[in-house]
Amino acid sequence: MSTIEAPTKTEMNSTTVTERVTGANAVVRILLEEGVDLVFGYPGGAIMPVYDSLYDYQQQIHHVLARHEQGATHAAQGYARASGKVGVCLATSGPGATNLITGLADAQIDSTPMVCITGQVPSGLLGSDAFQETDVIGISMPVTKWNTQVTRAEEIPEALAKAFYIAKSGRPGPVLVDITKDAQFQEFDFSYTKCTGLRSYVPVPKLDPTKVEQAAELINNAERPFILFGQGVILGNAEAEFKTFIEKTGIPSAWTIMGLSALETDHPLNVGMLGMHGNYGPNLLTNECDVLIAIGMRFDDRVTGNLSKYAKQAKVIHLEIDPAEIDKNVKTDVAVLGDCKESLTALIEKVKPNSHKEWLQRFRDCDAMEHEKVIQGELHPTDEKLSMGEVIRIINEKTNGDAILVTDVGQHQMVACRYTKFNQSKSNITSGGLGTMGFGLPAGLGAALGAPDRTVVAVIGDGGLQMTIQEFATIYQTRANVKVLLLNNEFLGMVRQWQQLFFDKRYSATEMINPDFQTIAKGYYIPTNKVTEREKLDDAITEFINHDGAYFLEVMVGKENNVFPMVPSGCGVAEIRLE
């Protein structure tokens, strides 16, 4: 993205009405122009002029004071994913800026639109190793869609206009604008017009009708077609078109964890989850389909397993907005580049009505086998130890599939994604590509602020919770209505499972000696409860869901429970294990 050129005059015309303002004041006014009414951040010396200006706009822009800049980024991600808007973060220079990097990397790989504005030391001190100076442009370049440094106040409008346009256009992603402190103090004649285009940047490739025809021909002639759908369906607002497409063609469809909730869980053509801990049928039958149709997904290694053994028998169709993803991991026979909504609309006209009942039944037969060997025991365990799955089952019963689920990373993430029921889109918020422990608590906060009318449940493990546990204070201060569910197995569970299966139960550095989480939650003035016995679980979850405001529920689950099915590392998807 660093090669993007300046807007042409026809793409970004300056307004004639100007006013003399400081650079800091311009930043806040631009946020208002871009429709921003909520920002996450943490003040400091180099960004202080912006915060001083923000003081005069408290009625228009609500600022959420995170307790750590990483927490601010994850909260902005949760907000963006739940609301469909751009998440905005403010941070100071040096450690404030570097603390954003994990969140930027997470947003980059998961295609989350985010604008981060950092303060920087005065331009005259750049390169002098001044107090709290870091080269945040160099550091953040690999983990942003675009970044830039501003050293003069008059550069601020163009930089921020480009930032918002780039963050939300095409395949979304995070951008960073670094503004020196003197630029924030300088006065200039301010005017602002939103950016609508950039020379050499084509966010949405033009749809090629020939490719649509070729894809439709493969689909119409397929005997065992199979659809893999990802977050691109959600980001493209193409849920309705996707549903029409699969219902017309009758093709079984499986989701990546980022695509979860694009199609309601109980839809008859929804055959489940792909990947390392996905469902048995979607993994096994990937290597038996004759046409594989990937829609808005990037063939991540957690989905494909060993690429040398992945779907070698199938013709591959890839619907994708980002040309860089075509043929990157899986060789494509037909690549349909373009906006997902537009591509699906064109395909719907070309495909023939069909039904693949016998092929679909293969998936259902696999479901029955998985239910007997895995699911029944996870959702309705017979031993005395509580399971993660039964907790999620009761959550489903209490929320009727209408809640937003936010997860951290680990065993609880896989269990929650496998068993949560969803009726509407933008309901699953998780750290997919980067797998960031510590994501869940602040992202849950952000989701609750981004969708205040919905129930938000943040499911977290004892390891991840302690990485950003300070954000309980932000939840309390904002009065965010987020339900925090801790599934506590007193282990770094996913790592422990690998140690058990592949390292002879040599549990090196994975057992957790935990604090009293109940006391900690109470210290942050958050109502709390702890469950260790099955007979108390249902009532506890009822209180947890129905409570008006934030609530922390800790459930002690089996210490050495494992998540199955599982595709072992280095294996092909057809080598998936049920036990």
Side-chain angles (χ1 to χ4, degrees), residues 256-257 260 272-280 282-284 300-306 369-393 405 407-420 430-440 458-467 485-514 532 554-579:
T256 69
I257 63 169
L260 177 55
M273 176 176 165
L274 296 161
M276 178 174 285
H277 290 288
N279 293 109
Y280 186 57
N283 281 287
L284 183 71
D300 172 76
D301 63 294
R302 283 296 176 99
V303 165
T304 65
N306 188 327
M369 186 182 304
E370 182 180 349
H371 194 274
E372 178 184 351
K373 289 184 175 293
V374 177
I375 298 174
Q376 178 64 27
E378 181 65 35
L379 299 186
H380 301 277
T382 55
D383 63 11
E384 62 181 23
K385 296 176 182 177
L386 293 171
S387 74
M388 295 183 182
E390 69 179 309
V391 179
I392 299 301
R393 172 179 59 79
L405 176 80
T407 67
D408 207 85
V409 171
Q411 287 182 314
H412 65 278
Q413 176 190 31
M414 296 296 102
V415 170
C417 289
R418 279 175 53 82
Y419 296 120
T420 302
T430 193
S431 174
L434 196 64
T436 305
M437 291 179 67
F439 175 88
V459 183
I460 309 175
D462 47 314
L465 179 63
Q466 293 177 84
M467 290 195 170
L485 173 63
L486 170 60
L487 298 178
N488 187 351
N489 59 8
E490 299 179 298
F491 264 111
L492 297 176
M494 187 64 80
V495 184
R496 184 214 55 78
Q497 177 169 335
W498 280 58
Q499 289 174 334
Q500 176 185 338
L501 298 177
F502 308 116
F503 292 88
D504 299 322
K505 294 187 177 181
R506 292 162 59 88
Y507 294 158
S508 177
T510 48
E511 188 167 10
M512 303 285 285
I513 305 300
N514 287 320
T532 59
E554 178 181 8
V555 181
M556 302 302 297
V557 296
K559 292 187 65 171
E560 296 187 71
N561 291 356
N562 289 328
V563 183
F564 285 104
M566 180 179 185
V567 179
S569 180
C571 292
V573 289
E575 298 172 271
I576 185 169
R577 293 171 51 173
L578 286 172
E579 53 190 4

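Computed from heavy atoms alone, side chains included, the values below leave out hydrogens, waters and symmetry copies.
Of the charged side-chain nitrogens involved, none lies within less than 4.0 Å of a carboxylate oxygen, so that Glu560 and Lys505 do not count as a salt-bridged pair.
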Could you walk me through whether Met566 and Leu501 satisfy the side chain to side chain contact (heavy atoms under 4.5 Å, CB included) test, starting with their C-alpha distance in whole Å, then the side-chain angles of each, then the deciding distance to 0.1 Å, before giving a yes or no? CA-CA 11 Å; Met566 180 179 185; Leu501 298 177; 3.7 Å; yes
Determine whether Asp300 and Thr256 satisfy the following criterion, side chain to side chain contact (heavy atoms under 4.5 Å, CB included), listing intermediate values before the conclusion. CA-CA 9 Å; Asp300 172 76; Thr256 69; over 6 Å; no
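A distance of 5.0 Å separates CG of Asn514 from CG of Asn488, quoted to the nearest 0.5 Å. Between atom CE of residue Met273 and atom CD1 of residue Ile257 there is a gap of 6.0 Å, rounded to the nearest 0.5 Å. Atom OG1 in Thr407 sits 7.5 Å away from atom CZ in Phe439 (nearest 0.5 Å). Separation of atoms CG (Leu405) and CD1 (Ile392) is listed at 6.5 Å; rounding is to 0.5 Å. To the nearest 0.5 Å, the span separating CD on Gln466 from CD1 on Ile460 amounts to 11.5 Å. Taking CG of Leu486 as the reference point, atom CG of Leu465 lies at 5.5 Å (rounded to 0.5 Å).
Residues satisfying the side chain to side chain donor-acceptor pair (under 3.5 Å) test with Asp301, not counting sequence neighbours, are none. Under the side chain to side chain donor-acceptor pair (under 3.5 Å) criterion, Asn489 pairs with Gln411, sequence neighbours left out. Shown here are the salt bridge (Lys or Arg N to Asp or Glu O under 4.0 Å) partners of Glu490, two or more places apart in sequence or in another chain: there are none. The side-chain contact (heavy atoms from CB on, under 4.5 Å) search around Ser569 returns Trp498, not counting sequence neighbours. Under the salt bridge (Lys or Arg N to Asp or Glu O under 4.0 Å) criterion, Arg393 pairs with Glu397, not counting sequence neighbours. For Asn561, the side chain to side chain donor-acceptor pair (under 3.5 Å) test picks out no residue, with sequence neighbours left out. Qualifying side-chain contact (heavy atoms from CB on, under 4.5 Å) partners for Glu511, counting only residues two or more places apart in sequence or in other chains: Phe491, Lys559. Listed by chain and number, the residues in a side chain to side chain donor-acceptor pair (under 3.5 Å) with Arg496 are Gln500, Tyr507, Asn562 (sequence neighbours excluded).
Put simply, the side chain of Val409 does not reach to within 4.5 Å of the side chain of Met494, judged on heavy atoms. Put simply, the side chain of Tyr280 does not reach to within 4.5 Å of the side chain of Val374, judged on heavy atoms. Under the 4.5 Å side-chain criterion, counting only non-hydrogen atoms from C-beta, Arg418 is in contact with Pro565.
The salt bridge (Lys or Arg N to Asp or Glu O under 4.0 Å) pairs that include a residue from residues 561-573 number zero, where partners must be two or more places apart or lie in different chains.
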Would you list the atom pairs, donor with acceptor, under 3.5 Å between side chains in residues 570-579 and any protein atom, with sequence neighbours excluded?
unit_1 : atom_1 : unit_2 : atom_2 : d
Glu575 : OE1    : Lys309 : NZ     : 3.1
Glu575 : OE1    : Gly572 : N      : 2.6
Arg577 : NE     : Glu579 : O      : 3.3

List the atom pairs, with distances to 0.1 Å, where a side-chain N or O of residues 379-387 and a protein N or O form a donor-acceptor pair under 3.5 Å, not counting sequence neighbours.
unit_1 : atom_1 : unit_2 : atom_2 : d
Asp383 : OD1    : Lys385 : N      : 3.4
Ser387 : OG     : Glu378 : O      : 2.6
Ser387 : OG     : Glu390 : N      : 3.1

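Although no hydrogens or angles enter the test, the distance criterion places no donor-acceptor pair under 3.5 Å between the side chain of His277 and the main chain of Val415. Formation of a donor-acceptor pair under 3.5 Å by the Asp504 side chain with backbone atoms of Arg506 is not found in this model.
Residue-environment remark: CZ (Phe502) exceeds the threshold of 12 foreign heavy atoms within 6.0 Å. Around CD of Gln376, the count of heavy atoms belonging to other residues, nucleotides or ligands within 6.0 Å exceeds 12.
The closest side-chain donor-acceptor pair between Gln413 and Asp408, if any, does not fall under 3.5 angstrom. Side chains of Ser508 and Gln499: no donor on one and acceptor on the other come within 3.5 Å.
When all heavy atoms of Ala458 and Gly440 are compared, the pair lying nearest together is CB-O, 4.0 Å.
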